[in-house]
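Okay, so here's the structure we're looking at.
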Number of protein chains: 2
Amino acid sequence: MPTGPRAAKPQASYWLSDRAGAKRRREPEAGSGNGAGLDLDRVVRATIRLLDAEGLARFSMRRLAAALGVTPMSVYWYVDNKDDLLEIALDEINGEIPVPPDDATTTEPEDWRGQLRALATGYRTMLVAHPWASRLMGEYLNAGPRATAFATAAYRVIRRAGLPEDRAPGALAAVHQFAYGFGTVEGRWAERCRTAGTDEDELLREVFDATRDKPELGGLTGLIARHTTGRRDELRERDFAFALDVLIAGIDALRDSADG
Amino acid sequence: MPTGPRAAKPQASYWLSDRAGAKRRREPEAGSGNGAGLDLDRVVRATIRLLDAEGLARFSMRRLAAALGVTPMSVYWYVDNKDDLLEIALDEINGEIPVPPDDATTTEPEDWRGQLRALATGYRTMLVAHPWASRLMGEYLNAGPRATAFATAAYRVIRRAGLPEDRAPGALAAVHQFAYGFGTVEGRWAERCRTAGTDEDELLREVFDATRDKPELGGLTGLIARHTTGRRDELRERDFAFALDVLIAGIDALRDSADG
DNA sequence: ACCTGAACACCGTTCAAGT
DNA sequence: ACCTGAACACCGTTCAAGT
């Protein structure tokens, strides 16, 4: 086995390791009023800010340190390595997704449709706001407190749909993975436009021009043309909403079917 | 704007650039029997082999060159940069997905369900076989010949479902993104087990142990336990199959509904 | 307890030469 | 036409010191 740069620590996840929570967020010391010192929270917030602004590819421990006005190695006091830091930042933004309240009695039992839509929409919104997140979600285990809170809420909602217990995971996967994929391509597309220096229209036109004279592409050219004209955002919303319609109608159909 | 390592070339995609196909695959020269020289095909195949064997994180132009028994800069004769090479390799493996024949008359018109299942399954299989692919699919435009052939076939199939034309993209997105997400987490999980040195059972047990004594996780613990016991692969197949059931039932329901 | 400096083993890529 | 060598501007991280 070759010994690459990060080959030594094959830990599955920061959240499973004993160092999770070991380096506690520093209590605001009553005596000292200086806000100059670092802090895990400060480091994580700066990380998220940098990732949002410049993307994952440009993010580095050295740039983060520079942004914090500090030497590269200072950050390592608060975090063991880059992977841990990214895993923490990723979990943090999972907290941005609104989840329905736990108390089942306050909500109509049949409200699972609306709640499922809301969860999928919130997830998508988060992914679009932080395109780096969809990259990292694949990379790590997502076992942090915010991510598991979201997962728990999603499972709670799908259970209300009335499917047999062993069917719920499959149905939830359908919705979850769809929202993940949709939000991912949406966020990446926006990111690509930004980093390519061109705007969405120009980029779409480039794609369209490249495909227009290829008969083997079948209906694809029409598909692309659909987006070069008219209101793109509206089409995206319609596609997203209709896909959710499909998923919910599918769940309804299979709940009522005999083999359920 | 900061000038990072690859800040100079904001090209949207190799396939849209004029250099696509400019560096032609060398014709097997009739006179010379030496197989020592490089070749775009050889470079791409070695790239895929390395990515499969060691993963994207460990792949580098320098390691590729070493694997080819050549100086780092030699590769750059065949390819402009790392991004282009990865984009080509990614398109290449899209060719592994079996697609139904174009000729509509040879297939039953109602066969779209089976074809859709087959496409989703093939897509998932490809992603699991090459976990690096799902990472790159997000990164690039997927406008190469193999990727567009797959997209064309998928669109052809969804059109046969009988949905109104402007609903087809949303429905296809639901299926496509689901298969992408499912195959992604499946492939990454296997990859994680490999690089963590542990096997699937041990890793799952770690996750389970970390969550067992947390009451706020609701039904999640049961969800994980479901996978720690019994036949995992079978559960995965069932979940995948049922999710496809949901999607197809949903399409059926919305095709027949009044607002279609 | 918190931060620094120098160093190591890596990157992708440019540029000027070699054959 | 094809490949090399040296160099540049980056990485993540270790380790030994500083305060």
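In what follows, chains are A, B, ... by sequence order, proteins preceding strands, each numbered from 1. Any value given below was found using the heavy atoms of this structure, including those in side chains, with hydrogens, waters and symmetry copies removed.
- To the nearest angstrom, C1' of dA17(D) lies 14 Å from CH2 of Trp77(A).
- For Trp132(A) and Asp52(A), the side-chain atoms include at least one donor-acceptor pair closer than 3.5 Å.
- Residues passing the side-chain contact (heavy atoms from CB on, under 4.5 Å) test with Glu186(B) are Arg124(B), Val128(B), Phe182(B), Arg236(B), sequence neighbours excluded.
- Per the geometry, CZ belonging to Arg62(B) stands 15 Å off P belonging to dC11(D), to the nearest Å.
- Side chains of Tyr76(B) and Asn81(B): no donor on one and acceptor on the other come within 3.5 Å.
- For Asp213(A), the side-chain contact (heavy atoms from CB on, under 4.5 Å) criterion is met by no residue, not counting sequence neighbours.
- Rounding to whole angstrom units, CG of residue Leu85(B) and P of dG12(C) are separated by 11 Å.
- Residue Tyr76(B) has a polar side-chain atom (N or O) positioned under 4.0 Å from OP1 or OP2 of dT13(C).
- Between the CZ atom of Arg58(A) and the P atom of dG12(C) there is a distance of 17 Å, rounded to whole Å.
- Comparing dT13(D), dT13(C), dC11(C) by their closest approach to the side chain of Asn81(B) singles out dT13(C).
- Rounded to whole Å, atom C1' of dA1(D) lies 13 Å from atom CG of Leu38(B).
- As rounded to whole Å, 12 Å separates atom P of dC11(D) from atom CE of Met61(A).
- No side-chain N or O of His227(A) forms a donor-acceptor pair with one of Glu200(A) less than 3.5 Å apart.
- For the strand DNA chain D, secondary-structure stems (runs of at least three Watson-Crick or G-U pairs, all distances below 3.5 Å) span C:4-8 with D:12-16, C:12-16 with D:4-8.
- Considering only side-chain N and O atoms, Tyr78(A) lies nowhere under 4.0 angstrom from the phosphate OP1 or OP2 of dC2(C).
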Using the 3.5 Å cut-off, write out each protein N or O paired with an N or O of nucleotides 4-6 of chain D and the distance between them.
residue, atom, partner, partner atom, Å
dT4(D), OP2, Thr71(B), N, 2.9
dT4(D), OP2, Ser74(B), OG, 2.3

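- Summarising the geometry, the separation between NZ on Lys82(B) and C1' on dC10(D) is reported as 13 Å, rounded to the nearest angstrom.
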Can you give the donor-acceptor pairs under 3.5 Å from side chains of residues 146-154 of chain A to other protein atoms, not counting sequence neighbours?
residue, atom, partner, partner atom, Å
Arg146(A), NH2, Glu92(A), OE2, 2.9
Thr148(A), OG1, Gly144(A), O, 2.8
Thr148(A), OG1, Pro145(A), O, 3.0
Thr152(A), OG1, Thr148(A), O, 2.6

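- Remark: the Arg188(A) side chain and the Ser134(A) side chain contain an N/O donor-acceptor pair separated by less than 3.5 Å.
- Put simply, CG on Leu64(B) is 16 Å from C1' on dC10(C), counting in whole angstrom units.
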For Val79(B) and Tyr14(B), run side-chain contact (heavy atoms from CB on, under 4.5 Å): C-alpha distance rounded to whole Å, both residues' side-chain angles, the deciding distance at 0.1 Å, then the answer.
CA-CA 10 Å; Val79(B) 107; Tyr14(B) 167 80; 5.9 Å; no

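- Contacts of Arg62(B) classified as side-chain contact (heavy atoms from CB on, under 4.5 Å), with partners at least two apart in sequence or in another chain: Ser60(B), Pro72(B).
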